[in-house]
Trainee: 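Below is the structure I would like to discuss, written out as structure tokens.
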Amino acid sequence: MEEPLDLIKLSVDERVYVKCRNDRELRGRLHAYDQHLNMVLSEVEETITSTEEDEETGEEIVNKKTRSVGMLFVRGDIVVLVSPPLRTS
């Protein structure tokens with residue numbers, strides 16, 4: 001491996017975890033990417049986490065919403081982290 005994107009190249013056609021801005025997380029199969037980290041993912045599970053404060057108790061309430069998407073284009077400027085699949089070999 002010579003460049004950081006080489007790690008992502010090894011993950012094509014594998015399931016990856018992508019952490020995005022605004023508390024969004026994506027898990028899906030990586031089909032394509034470019035030098036800007038624009039990506040095409042399939043079989044995507046998107047999780048959006050939001051927090052709000054209970055007005056009566058002052059406690060923080062964490063809400064998670066999940067949706068499934070068949071095919072998704074991810075714009076690279078929202079990507080914070082890309083985690084390849086675990087390799088045990």
Side-chain angles (χ1 to χ4, degrees):
M1 215 174 307
E2 296 178 14
E3 296 183 22
L5 289 179
D6 290 347
L7 182 61
I8 296 173
K9 184 187 299 185
L10 294 172
S11 301
V12 172
D13 291 328
E14 302 279 345
R15 288 193 61 80
V16 295
Y17 167 78
V18 181
K19 183 167 178 61
C20 301
R21 291 185 192 175
N22 299 325
D23 297 317
R24 290 176 183 259
E25 300 175 354
L26 305 170
R27 288 176 175 80
R29 184 167 307 280
L30 177 65
H31 287 277
Y33 69 96
D34 65 14
Q35 71 271 16
H36 304 289
L37 283 184
N38 295 318
M39 291 182 265
V40 176
L41 301 173
S42 69
E43 304 168 22
V44 181
E45 180 182 293
E46 178 183 33
T47 303
I48 302 169
T49 305
S50 62
T51 57
E52 59 186 70
E53 187 175 310
D54 186 308
E55 293 178 9
E56 295 177 9
T57 64
E59 293 181 17
E60 188 175 87
I61 301 169
V62 177
N63 298 311
K64 288 195 175 209
K65 296 180 184 173
T66 303
R67 71 176 182 147
S68 295
V69 182
M71 188 70 74
L72 188 66
F73 173 83
V74 181
R75 187 173 164 150
D77 65 351
I78 69 161
V79 174
V80 174
L81 175 141
V82 178
S83 178
L86 286 175
R87 304 205 189 281
T88 56
S89 56

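Please read all numbers here as calculations on a predicted model, not as lab measurements. Reckoned from all heavy atoms, side chains included, excluding hydrogens, waters and symmetry mates.
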Trainee: Please list, chain by chain and in numerical order, all residues satisfying side chain to side chain donor-acceptor pair (under 3.5 Å) with D23, sequence neighbours excluded.
Mentor: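 With sequence neighbours excluded, D23 shows a side chain to side chain donor-acceptor pair (under 3.5 Å) to no residue whatsoever.
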
Trainee: Measuring only between side-chain heavy atoms, which start at C-beta, is R29 closer than 4.5 Å to S42?
Mentor: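 When only atoms from C-beta onward are counted, S42 and R29 do touch, with a gap below 4.5 Å.
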
Trainee: With sequence neighbours excluded, what pairs up with I8 under the side-chain contact (heavy atoms from CB on, under 4.5 Å) test?
Mentor: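 If we apply the side-chain contact (heavy atoms from CB on, under 4.5 Å) test to I8, skipping adjacent residues, the hits are L5, L30, Y33, L37, V82.
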
Trainee: With sequence neighbours excluded, give me every salt bridge (Lys or Arg N to Asp or Glu O under 4.0 Å) pair touching residues 56-72.
Mentor: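 Those involving residues 56-72 are E46-R67.
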
Trainee: Counting C-beta onward and ignoring hydrogens, is there a side-chain heavy-atom pair between V74 and N38 closer than 4.5 Å?
Mentor: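 Not touching, per the 4.5 Å side-chain cut-off.
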
Trainee: Measuring from atom OG1 of T51 to atom CD1 of I61, what distance do you get when rounded to the nearest 0.5 angstrom?
Mentor: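 It comes to 10.0 Å.
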
Trainee: Are the side chains of E45 and E25 in touch, meaning some heavy atoms are under 4.5 Å apart?
Mentor: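 Of all side-chain heavy-atom pairs linking E25 with E45, none is under 4.5 Å.
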
Trainee: Search all heavy atoms of S11 against all heavy atoms of V16 and return the closest pair with its distance.
Mentor: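 Looking at all heavy atoms of both residues, the shortest contact is CB-CG1, 3.8 Å.
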
Trainee: Are V12 and V40 linked, directly or through intermediate hydrophobic residues, by side-chain heavy-atom contacts shorter than 4.5 Å (ILVMFWY only)?
Mentor: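 No, no single cluster joins them.
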
Trainee: Run the side chain to side chain donor-acceptor pair (under 3.5 Å) test against S83 and tell me which residues pass, sequence neighbours left out.
Mentor: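 Testing S83 for side chain to side chain donor-acceptor pair (under 3.5 Å), a comparison that skips the adjacent residues, returns none.
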
Trainee: To the closest 0.5 Å, what do you measure between CZ (R27) and OG1 (T47)?
Mentor: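 Taking CZ in R27 and OG1 in T47, the distance rounds to 6.0 Å.
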
Trainee: Assigning hydrophobic clusters by single linkage (Ile, Leu, Val, Met, Phe, Trp, Tyr; side-chain heavy-atom cutoff under 4.5 Å), is L72 placed with M39?
Mentor: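 Linked within one cluster.
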
Trainee: Kindly give the heavy-atom pair with the smallest separation between C20 and V80, and that separation in Å.
Mentor: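 Closest pair (atom of C20, atom of V80, distance): C-CG2, 3.8 Å.
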
Trainee: Indicate if Y17 and M71 have the same hydrophobic cluster label, given that clusters are the connected sets of ILVMFWY residues with side-chain heavy-atom separations under 4.5 angstrom.
Mentor: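 No.
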
Trainee: Under the rule for side chain to side chain donor-acceptor pair (under 3.5 Å), what residues qualify as partners of D77, not counting sequence neighbours?
Mentor: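 With neighbours one apart ignored, the set is R75.
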
Trainee: With the side chain counted from C-beta on, respond yes when N22 and I78 share a heavy-atom pair under 4.5 Å apart, and no when they do not.
Mentor: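 Not in contact.
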
Trainee: Taking the side chain as every heavy atom from C-beta outward, state whether D13 and H31 have any atom pair closer than 4.5 Å.
Mentor: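 The answer is yes; the side chains approach within 4.5 Å.
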
Trainee: Can you name the nearest heavy-atom pair linking G58 to E53, along with the distance?
Mentor: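 Looks like O-CG, 3.6 Å.
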
Trainee: With sequence neighbours excluded, what pairs up with E52 under the side chain to side chain donor-acceptor pair (under 3.5 Å) test?
Mentor: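 Per chain and number, E52 pairs via side chain to side chain donor-acceptor pair (under 3.5 Å) with N63.
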
